[in-house]
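Chain letters run A, B, ... following the sequence lines, proteins first and then strands; every chain starts at 1. In this text the structure is predicted, and so the values were computed from the model without any measurement.
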Amino acid sequence: MAKVTVDGVEVEVPNGASVLQACEAAGKEIPRFCYHERLSVAGNCRMCLVEVEKAPKPIASCSYPVADGMKVFTDTPMVRNGRRGVMEFLLINHPLDCPICDQGGECDLQDEAVAYGMDRSRFQEGKRSIKDKYVGPLVKTIMNRCIHCTRCVRFCTEVAGVPELGATSRGETMEIGTYVEKALTTELSGNLIDICPVGALTSRPYAFASRPWELRKTDSVDVLDATGCNIRVDTRAGEVLRIQPRTNDEVNEEWLHDRGRFSFDGLKRRRLDRPWVKRDGKLRPATWAEAFDAIAARMKGLPGERIGAAVGDLVDAEAIVALKDLMAGLGSHNLECRIDGAAVDASRPDFWRFNTTIAGIDEADALLIIGSNPRQEAPVLNARIRRRTLAGTFPVGYIGPRGVNLTYGHDWLGEGPETLRALLDGSHRFSEALGRAERPMLILGRGALARPDGAAVLAAAWQVASRHNMLRPDWHGFNLLHLFGGQVGALELGFVAPPDLAPPGPPQALWLLGADGFDASRIPADTFVVYQGHHGEAAAARADVILPGCAYTEKEGTWVNTEGRVQRGRLAVHPPGEAREDWKIIRAASEVLGARLPYDTLAAVRARLVEVNPVFARPDRLERRGCEDKSGPAGDPGSLSDAPFALPISNYWQADVVSRASETMAECARVLLPAVPERIAAE
Amino acid sequence: MSFMLRLSSALSGRKIGTDRFGNVYFEGKRKLPVYGRARRWVIFNGPDDPTMVPPEWHAWLHHTTPAPLSETKRYAWQKEHQPNLTGTPAAYRPAGHDYVGGRQRSNGGDYEAWTPGS
């Protein structure tokens, strides 16, 4: 530790820390453009000048290591003059287009110019002008505004792992860009907009939409992947205008994946905004009373075992517990939350959670990925794995389709279960790497379980974990990576049929709660289907009664991420038309079905959640768990087939019902999905 | 067009032309010493409303072009000039405005609802 005095305040910082960090520890704010906590230090903006005793010149504090006994001054005439000079140089080539700049109001340069800017220009010559670059459908560039901090270059290279941005030329003619014009191929490109300190990289869908001070900001949680990124929903006049990440070091740090950030325009298309009832074979608009009458007429009096219910991928825990209680009231046990067919074992939380936790990836020292492409299934989590690979020795083994680019070096072990078998008996070369590791971990993709021998894959993966010392009281290395934000919540609430209770035939009535992925062709023609959800897709078209619910930005909801972390989403905008909160719809339906649910308020539903599973009592907190019970899930590894693992998400941009309705995401898919390779004419 | 205005225009300037709306354009006989160019003005056909001037004559009137532009329509996309109608019964009003029936779209128009078959 080094003792440093900053403006008379003595602080102790670790050796090797920068002067800037010491100043922050002393509570002094240092202006900076190029320095970013989560990126490497570049030291090229020179805005963070401070004075150090006995140093002849002001020093750039971000790239200057502390020394014991150092005396730092952050507010002397020399420092202020230096910063003013730097600001003047930066503004030489910066256009004065703040009134039309989307960064206006949240621009670092604007803020610092208030403190260190001159009120007039001494620069008579012409300003530099740079052609704008096309870097994809999400990020808009206005390269004249660039101050060459290179944060975007470092983000792409270090965090996103796609070294596609760079600087060409030098000095006055330096330009940031992709060397050959192309769209950035990262799922984290939206973060470039956040880290850009000026308006050079701005959001294309949000261009000229609003000013930050006009927006109402609501803290919420992203449900479009299972990471459970913390987000802030910015709205104006009942309309979501943008979604930005919130810092949570244990989950998403300060990043957000593009689908979570940009697919919100899907919340305005293909919405279910009124109840529909099928009459004479055709869906017709109806009132809520008519819809409930139709449900009562067809479902009341049906034997419980002939009623089924399925929940989809994005549903909040309140609605799930209400539906579960309603089904229990009707005497039905036919519940299903794994509509993708994944053979998740719902008997113990260990089997479905990401037990190592996302923050735990930093501590792991070997990783085996089975049947999953975390880059597409959980891009923010993948960025953490990538950071771990950069931090030191971290062998990554990968079982899945060949040629997948995970953004970090990995050892491709094989395509299918035969590699799993080899790992099971320890004959595989990667067994040795796992054996050497002290805290090895394994990520099993949910997609690897959505196949006929899914239970066997799960059991085999558990045994691989057990064999390679991943299951210990002090370290749990078995992880299941889910795909969407509502999947774990349904498992935590036990929304599955008891394994020994097979239904006595096809259901006569089926309640689909946000189950847009439910295969409508599997439903018998005479089954009465109630679809409750927020977007219309194939399953809604098959329904006999449609009840309009809320999307994740429109209700107070609880979601559980893949780790089992309980998080609350909050109401940012009101639902369209006559749509209502999902648990209230189920509560109202329970009245007409004669199985009245005992709760009328959100607080009462949440109390019921805690009753069903105590984890819901502690939102936002997650204890690290070791593995107490090494006995594995049901399933026989011997019955593994030889079919190679297929990845569940082939189109990252349109993987869920919200993003499939989004025009921005459709454009991304059009630009970024690998097209069928064209044959070259000379061939 | 008052008699005095016509008289003073005829004395101090010369008539350049008349546009398709009947507005008459004049140019002064001598150059203004400050600007080094002659004054240009218009006598409106009807109440004084500067937005009555079509773009071809607007350019001439503001000394953008030395001579008035041709008034013949050249492109298919060109629209006929229209004076500012604000404050008149013909003013633009968005759909759902009280003066144009007052019937708003049921969903407010800010989202697109799903219908079966879509």
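Counting heavy atoms of neighbouring residues, nucleotides and ligands inside a 6.0 Å radius, atom NE2 of B/His63 exceeds 12 of them. Counted within 6.0 Å of CZ on A/Arg216, heavy atoms from surrounding residues, nucleotides or ligands total 12 or fewer; the atom is thus considered open. The local environment of NZ in A/Lys217 is crowded, with over 12 non-hydrogen atoms from other residues, nucleotides or ligands closer than 6.0 Å.
Remark: side-chain polar atoms of B/Tyr111 are paired, donor with acceptor, to backbone N or O of A/Gly577 under 3.5 angstrom.
For the pair A/Arg271/B/Trp114, no side-chain contact is recorded, criterion being any heavy-atom separation below 4.5 Å from C-beta on.
With a threshold of 4.5 angstrom between heavy atoms, A/Ala540 approaches chain B through its backbone and through its side chain. Using a 4.5 Å cut-off between heavy atoms, A/Glu537 touches chain B through its backbone atoms (N, CA, C, O) alone.
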